[in-house]
> 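Got a structure for you, written out below as structure tokens; questions coming shortly.
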2 protein chains.
Amino acid sequence: MSDTEWLSEDEREAWLALVSIMFRLPGAVETQLRSEEDMSLAEYLVLAMLSEASDHRHRMSELAAATNTSQSRLSRIVARMEKAGLVTREGRLDDRRVVIAEITDAGIERIQQAAPAHVRHVRDIVFNRLSPEQVGQLVEIGHSLNRGPAEDVAKGLRSIA
Amino acid sequence: MSDTEWLSEDEREAWLALVSIMFRLPGAVETQLRSEEDMSLAEYLVLAMLSEASDHRHRMSELAAATNTSQSRLSRIVARMEKAGLVTREGRLDDRRVVIAEITDAGIERIQQAAPAHVRHVRDIVFNRLSPEQVGQLVEIGHSLNRGPAEDVAKGLRSIA
DNA sequence: TAGAATTGCTTGCAACAGAAACTATTTTGG
DNA sequence: CCAAAATAGTTTCTGTTGCAAGCAATTCTA
């Protein structure tokens, strides 16, 4: 129990970097979107997902997964957006548990109007500060983190090491 | 206006990786801390900062900066922790605007008790999935994001803060 | 050296998120 | 064929956060 494997100096620094990203970036992005475009990042992502879908539709659970939000949060977000006329919701006939959200023309206008400033801001606070190599590394790191329960591998490595 | 420089495919992927980190990691970490140790990550970080200080004290603004939280948020967090007996607050005599937080013995016990499971969990969801090279890259990426290219520093700091 | 600006911190208000409970539907196992 | 389990989504409850305003102490400046 007390033989915890503490973080190495590098890991500690990396962890603090991650914490900094977790705590600061969302605020920075949301502040711009909220003040200039009056929407949250989650709302933006929902609109982006839907506008990019070939039929402009997605089921709620897909949206939740794609935007990294819980179902309950997404439910409220989409309810707000529906009230604002940006999306519509419609139950599916062949499985009436499923709800399909579809972006409206107003929703498409909305995101087209919001996108330039949002992208510029993301570029300002992220990509203008990273080298192309770092961008590639970030992609890989993202894959590694999301990808697999490294549990099996990790457990094996740990017992070997 | 319309000559926005859109994200490249790589940048887009990297941005989605960052969004995933922003949205998912905090939840994962907070859930473990909340359920197993009954504290938030911010509280944990405050206790960690204080317990590592040579005199077990820090001023509020230092704590806010070190834990990447706003002053108002930190104020409430420390107020809660004080009520729980984990820290004490005390005005400073030579500048009575300043408030010094000091960790109590109970607070030290608390973090020593919480640390092993927390560190194990961070290792599970982060470092067991990253190669040593990736850990180093992450450190560099964190540095790059926090202090951006000189030309953008002012703008960037403002938007991040 | 008085008034204005700034700094450090706290708090009121409204909005929001997470967890758990809940409804409704579909699938599964005996 | 039906009861139990699983799935999809919503809602309620409780607590937290951000923003803006507020207050007190200090520094600047004319």
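Below, chains carry the letters A, B, ... as their sequence lines are ordered, and counting in each starts from 1. Values below: all heavy atoms of this structure, side chains included; hydrogens, waters and symmetry mates excluded. It should be emphasised that the depicted structure is a prediction, and the values quoted were computed from it without experimental measurement.
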> Counting only N and O atoms by type, is there a donor-acceptor contact under 3.5 Å from the side chain of A:Arg57 to the main-chain atoms of A:Ile100?
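Such a contact is absent between A:Arg57 side chain and A:Ile100 backbone.
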> Calculate the interatomic distance between B:Arg34 atom CZ and C:dA19 atom P; express it in whole Å.
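Whole-Å distance recorded here is 10 Å.
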> Could you state the atom-to-atom distance from CG of B:Leu41 to C1' of D:dG15 in whole Å?
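The distance from CG of B:Leu41 to C1' of D:dG15 comes to 17 Å, rounded to the nearest Å.
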> Closer than 4.0 angstrom, basic N to acidic O: yes or no for B:Arg92 and B:Asp94?
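B:Asp94 and B:Arg92: salt-bridged.
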> Looking at B:Glu5, I want to see if its CD is surrounded by more than 12 non-hydrogen atoms of other residues, nucleotides or ligands under 6.0 Å.
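Result for CD/B:Glu5: open.
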> Do A:Glu102 and A:Arg89 meet the salt-bridge criterion of a basic N to acidic O distance under 4.0 Å?
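No, no charged N to carboxylate O under 4.0 Å.
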> Counting only non-hydrogen atoms, which of residues 51-65 of chain B are less than 4.0 Å from DNA chain D?
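Residues of residues 51-65 of chain B that come under 4.0 Å of DNA chain D do not exist, since none gets that close.
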> Check for a donor-acceptor pair, side chain of A:Glu30 on one end and backbone N or O of A:Gly27 on the other, with a separation under 3.5 Å.
no
> When the distance from CD of B:Glu36 to P of C:dA19 is rounded to whole Å, what number comes out?
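After rounding, the reported distance stands at 13 Å.
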> Taking A:Ala48's backbone N and O only, do any of them form a donor-acceptor pair with A:Ser51's side chain (distance below 3.5 Å, no angle check)?
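Indeed, once roles are kept as given, a pair shorter than 3.5 Å links the two residues.
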> In this structure, how many angstroms lie between the C1' atom of C:dA17 and the CE atom of B:Met22, rounded?
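Answer to the nearest Å: 16 Å.
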> Without hydrogens or angle criteria, can the side chains of A:Thr88 and A:Glu82 be said to hold a donor-acceptor pair below 3.5 Å?
no
> Parallel, tilted or perpendicular: which describes the rings of B:Phe127 and A:Trp15, with under 30° parallel and over 60° perpendicular?
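The arrangement is perpendicular - the two ring planes meet at more than 60°.
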> Could you go over nucleotides 19-21 of chain D and give all protein N or O partners under 3.5 Å, atom names and distances?
unit_1 : atom_1 : unit_2  : atom_2 : d
D:dC19 : N4     : B:Arg76 : NH2    : 3.2

> Any residue in residues 79-99 of chain B with a heavy atom nearer than 4.0 angstrom to DNA chain C? Just list them by number, or reply none.
B:Arg89, B:Arg97, B:Val98, B:Val99
> Between A:Arg120 and A:Asp124, does any side-chain N to carboxylate O distance fall below 4.0 Å?
no
> Between C:dC13 atom C1' and B:Arg73 atom CZ, what is the distance in whole Å?
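From B:Arg73 CZ to C:dC13 C1': 18 Å.
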> In whole Å, I'd like the distance from the CG atom of A:Asp38 to the P atom of C:dA15.
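Computing the A:Asp38:CG to C:dA15:P distance gives 12 Å.
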> Taking only side-chain N and O atoms of A:Gln71, does any of them lie within less than 4.0 angstrom of OP1 or OP2 on D:dA8?
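It does not, given that no N or O in the side chain of A:Gln71 lies less than 4.0 Å from OP1 or OP2 of D:dA8.
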> Strictly distance-based, threshold 3.5 Å: is any side-chain N or O of B:Arg123 a donor or acceptor partner for the main-chain N or O of A:Trp6?
yes
> Any donor-acceptor pair under 3.5 Å linking the side-chain atoms of B:Glu37 with those of B:Gln113?
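Yes, a side-chain donor-acceptor pair sits under 3.5 Å.
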> What's the CG-P distance between B:Leu74 and C:dT11, to the nearest Å?
13 Å
